[in-house]
Amino acid sequence: MPKLVLIDGSSYLYRAFHALPPLSNAQGEPTGALFGVVNMLRATLKAAPDYLAFVADAPGPNFRNELYAAYKANRPSMPEELRAQVEPMLAIVEALGVPILRIPGVEADDVIGTLAEQAHAQGIEVEISTGDKDFAQLVRPGITLVNTMTNTVTDTARVIEKFGVSPERVVDLLALTGDSIDNVPGVPKCGPKTAAKWLAEYGSLDGVIAHADEIGGKIGESLRAVLPQLPLSRELVTIKTDVPLELPVTALVRRAPDVDALRELYTRYAFKAALKELEAGDTGAAAASAPAATAADELPATAAAPPGRYELVLTWEQFDAWLDKLRVAPLIAFDTETTSLDAMRAELVGLSFAVEAGAACYIPVAHEHPGAPAQLPREAVLAALKPVLEDPARPKLGQHAKYDINVLAGYGITVRGLVHDSMLESYVLDPTATRHDMDSLAKKYLGLSTVKYEDVAGKGARQIGFAQVALEDACRYAAEDADVTWRLHHALWPRLERELGLRKVYEAIEIPLVPVLAGMERRGVLIDVSSLKRQSQELGRRMLELERQAHAAAGCVFNLDSPKQLQAVLFDQLGLAPRLKTPTGQPSTNEEALAALADQHALPRIVLDYRALAKLRSTYTDKLPAMVNPRTGRVHTSYHQAAVATGRLSSSDPNLQNIPVRTEEGRRIRQAFIAPPGWRVLAADYSQIELRIMAHLSGDEGLLEAFHAGGDIHRATAAEVFGVEPAQVSAEQRRAAKAINFGLMYGMSAFGLARQLGIERPEAAQYMARYFARYPGVHAFMEATRERAHRDGYVETLFGRRLYLENLKSRNQALRAGAERAAVNAPMQGTAADIIKRAMIAVAAWLEDRDDAHMLMQVHDELVFEVRADAVETVRAAIVERMCGAAQLAVPLLVEVGVGANWDEAH
DNA sequence: CAAACCGACGACGTC
DNA sequence: GACGTCGTCGGTTTGA
């Protein structure tokens, strides 16, 4: 049966653009999308279809825009780097001899739809090469979709599986769900599941419309509200199959390629593999059995390698061969597989290694599913690997290696010589990227789709532990992890290496910090469990009483924990006037809103009191005791090194960085963070570090002088701003000055300041104006930072960490203003983060061979230690010296140290 | 068909 | 401004 392949050009261009790293050629022209499309084409041509066409959108509006003015109005215009690749792409397609179709007035989709219909009618098998799910409506026996990027084929069965409806009903489903990207309106709150359910019940969209009044609930109302526009939505999503075309399908045959033109284009864009193929006389017209090229084919030389020479190591012979490789390898990628995501509770199930792209092994040591073959024993394997893992002269590489280091530490192995971590490479390259996990990075930088944990272990309640995963599956997954880590490093490192500032941040701060954080996590902190349990009971009693009062004040019983019920009681039942709205337009019941209502009714105050206690109990006094590790008797937090865009750490399970401090009840929780008998808690925090950094970065004389003089900085600021002697500053003036200083650090606006101080906005603006008049250097610095951000798209910390800013060019005023505030704030917060990280590294080095003090926690500008009572003075001096010496600024770094029986007392 | 799970939301703790 | 965590709520998925 003859075959027609229809290539959806725009779909591939967009998908390749987003899936591949932003590659460029020697001239700096962007080539990433081009590269993806070329590889796809080469793969397609190798199959030598009888007929084929490359279909792209023609410039100008099409009939859908006439039908509906807002069509695709939400779609961002094509990024410049992508636009620049359109013409070269068409040139290459042309040179390959592939027929190109661009028909004005309709979309590429409609051309494809029409050709598919015509070919199908002539008994030609049709394959639509696309990544766009909307084409599912065309599928039937003889018409299938192929996505060469994910290597998936969609036939009728797959459509039903994926959408829950047959292909003929796909347009009905799309009309119901709508498409926010193309701005096709649908039924609000109606997703694919609901739409499929309705269609199953009423047969079709017309059936659903006819029975709209039978559908209950909120969603029924939504449906009825949009009923009139549903037929239009269906028309918008329906791909046309009757576009007038001049050429018959049978005219769509490939011409002879223009080899000279191809050579020039491939050379210009540095497509080496394609060029090689061309010179070998293989222009893609060869046998259909040739293997398809993958997108990873030609990425940075070292990242490219055929997938999957993964060895499952079950014998000592195999193990010894790998051990020999590890001993001579210039770089070892390693990864561990365990029974738990919590490194402190995890048991080692296997290890994987890679020493070159594509060649990796998995050494299972504790799989125990039925029928699992004998494996090398864990203890013996670890004993053999220990010298390599602990040797600082053997360079190692991981992805989120802190986890693996902690797991191995549980078996008495101290990993040394960690020189690279692909997660941190990604983080330093772009800390604003939301994800730095391996799967995302593999997709982004390698164009690879990795085996997911869920693929081998299942998901949800039926998920099994890794020890129960069959060895072949485990090997596929685990060895790939090491392999991908290796490839990622080789894709990322060249980018990092040439940016000197970033490279220094990475090598001198982030990488050395890994073992320090690992040590703090493993050490954990001692908690007074019985005290917290008593507090829970006490809080519970008081909450019960407040709950009783609240119900009495409301005149009815309701759930105090439910903002929704509270809102109904306050604004519907009691008739109070709502003051603020939540982002979704509901009347807000947040602290500010309730405080404003407190003089009108007793209930708001009671709720506020209740909430303060409920937060403490649910988040802290109940949870912390449950997080004590039974083996160590201590609480082990996790620090996230690649989570915050400014370079700060975050912490979770538990989050130690938001333990209460402001209220008396809150401080009682800090009192439960204790030291063992004979030990003390020592807390050292940087005083006003961000303002000091502002003074340094801006060079503002007034601010520098204030810090050199010492004393109360807020009082000094108030004296300047209000033009009085420091001694004459009123409490109110100091409060205002403090709010301005605070606002400066968090990039607050006049609006935010007014809200903070409870004053009118013009007055707040006036305060800020006076502040800037007194500290002109600060103002100039902020202006200059904003300008740089606009010019470069990023700002930098003192140590060269680069922080990219989204939204700076946004047409949305609020978003843009937010980005500008972030631009000013980021260098301060980021520099502070750099400084404390440097301090941690220095302190940890000093503590390394001591057994009388341990670093336990980091809370942004504070470090917490436990110190043996007899060593307190020595340790205090050493810590202060290293913290103060972590940076040389134009103002001194001041560190305040407290010592006590618990964390609260240490302040 | 109820229980378990999931994601969005509103709220709030810290720096 | 950032972050992580809590409980609720409406929805979907799962499994007895």
Side-chain angles (χ1 to χ4, degrees), chain A residues 164 189-194 196-197 217-219 431-432 434 458-463 558-567 580-594 607-608 610-624 627 637-640 642-663 665-667 669-670 685-686 688-691 742-749 751-753 756 803 805 807 814 817-830 832-833 836 857-862:
Chain A
K189 289 264 147 23
C190 176
K193 299 292 166 196
T194 309
K197 196 176 78 189
K218 266 242 160 66
I219 197 155
T432 41
T434 38
K459 62 173 180 174
R462 274 199 326 257
Q463 189 168 67
F558 69 102
N559 184 348
L560 270 175
D561 289 322
S562 166
K564 203 181 158 192
Q565 292 184 26
L566 176 63
Q567 172 222 309
L580 300 165
K581 299 216 160 180
T582 67
T584 52
Q586 295 297 306
S588 173
T589 66
N590 69 13
E591 185 172 351
E592 194 182 348
L594 293 187
V607 173
L608 285 174
Y610 173 86
R611 279 198 187 149
L613 303 187
K615 178 80 178 177
L616 293 179
R617 190 165 88 126
S618 66
T619 311
Y620 305 108
T621 63
D622 276 0
K623 285 295 173 332
L624 284 171
M627 308 206 85
T637 192
S638 301
Y639 288 101
H640 307 289
V644 185
T646 55
R648 274 186 175 177
L649 299 176
S650 78
S651 122
S652 70
D653 308 296
N655 180 354
L656 290 180
Q657 300 182 317
N658 69 345
I659 305 294
V661 68
R662 289 203 337 253
T663 63
E665 284 93 348
R667 278 195 297 278
I669 293 166
R670 291 201 167 212
D685 61 286
Y686 283 112
Q688 307 293 349
I689 188 164
E690 293 188 1
L691 269 185
F742 190 80
L744 212 58
M745 289 189 290
Y746 296 140
M748 195 188 277
S749 59
F751 180 75
L753 183 65
Q756 181 74 30
L803 312 158
L805 296 149
N807 299 328
E820 286 186 353
R821 285 199 297 276
V824 173
N825 164 249
M828 284 187 286
Q829 196 178 100
I836 196 157
M857 302 190 273
Q858 189 255 43
V859 189
H860 303 315
D861 61 1
E862 173 182 9

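Numbers restart at 1 for each chain; the letters A, B, ... are given by sequence-line order, proteins then strands.
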Expressed as a whole number of angstroms, how long is the span from [X]:[atom1] to [N]:[atom2]?
| X | N | atom1 | atom2 | result |
| --- | --- | --- | --- | --- |
| A/N655 | B/dC15 | CG | C1' | 11 Å |
| A/I689 | B/dC15 | CD1 | P | 14 Å |
| A/Y639 | C/dC3 | OH | P | 18 Å |
| A/L616 | B/dA11 | CG | P | 18 Å |
| A/E862 | B/dC15 | CD | C1' | 10 Å |
| A/R667 | B/dG13 | CZ | C1' | 14 Å |
| A/L560 | B/dG10 | CG | C1' | 15 Å |
| A/Y610 | B/dA11 | OH | P | 15 Å |

Side chain of [X]: nearest nucleotide among [options]?
| X | options | value |
| --- | --- | --- |
| A/V859 | B/dA11, B/dC15, B/dG13 | B/dC15 |
| A/L608 | C/dT5, C/dG1, B/dC12 | B/dC12 |
| A/K564 | C/dG4, C/dC9, B/dG10 | C/dC9 |
| A/H640 | B/dG10, C/dG4, C/dT8 | C/dG4 |
| A/N658 | C/dC6, B/dG13, B/dG10 | B/dG13 |
| A/S618 | C/dC6, B/dC12, C/dG1 | C/dC6 |
| A/V644 | C/dC3, B/dA11, B/dG10 | C/dC3 |
| A/S650 | B/dG10, B/dT14, C/dC3 | C/dC3 |
| A/K615 | C/dT5, B/dT14, C/dG10 | C/dT5 |
| A/P660 | C/dG1, B/dG10, B/dG13 | B/dG13 |

| query | Checking side-chain hydrogen bond (donor to acceptor under 3.5 Å, both in side chains) against A/R611, which of A/N590, A/T589, A/D561 comes through? | reply | A/T589

| note | Nearest heavy-atom approach of A/I836 to A/Q858 is CG2-NE2, 3.4 Å

| Side-chain donor or acceptor of A/Q565 paired with backbone N/O of A/N559 under 3.5 Å | yes

With a cut-off of less than 4.0 Å, is there a side-chain N or O of [X] near OP1 or OP2 of [N]?
| X | N | value |
| --- | --- | --- |
| A/S588 | B/dA11 | yes |
| A/Q657 | C/dT5 | no |
| A/N590 | B/dC12 | no |

Counting any heavy atom closer than 4.0 Å, what does [X] reach on the DNA or RNA strands: base, sugar-phosphate only, or nothing?
| X | result |
| --- | --- |
| A/T582 | sugar-phosphate |
| A/I659 | sugar-phosphate |
| A/E591 | sugar-phosphate |
| A/A643 | sugar-phosphate |

| task | Check whether the side chain of A/R648 and the base of B/dC15 form a donor-acceptor pair under 3.5 Å. | result | yes

| Do A/T637 and A/S651 meet the criterion of a side-chain donor-acceptor pair at a distance under 3.5 Å? | yes

| field | Value rounded to 0.5 Å, distance of CG in A/N655 from OH in A/Y620 | value | 7.0 Å

| field | Stepwise salt bridge (Lys or Arg N to Asp or Glu O under 4.0 Å) test for A/E591 and A/K615 | value | CA-CA 13 Å; A/E591 185 172 351; A/K615 178 80 178 177; over 6 Å; no

